[in-house]
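Report on one structure; see the data block that follows.
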Amino acid sequence: ALYIADRKAREAVEMRAQLEKKLAQREKEKKEQRLVELAQKAREERAGIRAAADRPEEERERDKLRHERHKERERDRRISKAAPDKRSKLQ
């Protein structure tokens with residue numbers, strides 16, 4: 001009787017472990033799918049698939065300002081690297 005009870009207990013533990021393993025696998029698959037979706041969305045936005053009309057006005061304006069500031073910093077960086085006699089002409 002003790003042997004049968006021990007075997008049943010081991011089977012129950014094994015079943016519980018398999019169930020937990022399945023649940024963990026499902027959760028892992030859900031997380032992986034979410035990450036895939038986020039990566040695809042990021043790729044689409046980076047590639048510019050999302051039309052300019054879809055973007056909010058604030059976002060377009062912010063991107064425009066960001067681009068202008070980047071150009072200005074690049075210009076300043078190039079001027080600072082220029083030879084001293086050319087700097088006065090550039091500024």
Hey, are R78 and E74 close enough for a salt bridge, meaning a charged N less than 4.0 Å from a carboxylate O?
yes

Does a side-chain heavy-atom distance below 4.5 Å link Q40 with R43?
yes

Flag side-chain contact, heavy atom, 4.5 Å: K28 against E32:
no

Drop me the distance from E37's CD to Q33's CD, to the nearest 0.5 angstrom.
4.5 Å

From E27 CD over to E29 CD, what is the distance, rounded to the nearest 0.5 angstrom?
10.5 Å

Carefully, step by step, assess E72 and E68 under the rule side chain to side chain contact (heavy atoms under 4.5 Å, CB included).
CA-CA 6 Å; E72 184 65 28; E68 289 173 3; over 6 Å; no

Side-chain atoms of residues 4-23: list all donor-acceptor pairs with protein atoms under 3.5 Å, sequence neighbours left out, distances to 0.1 Å.
residue : atom : partner : partner atom : Å
D6      : OD2  : R10     : NE           : 3.1

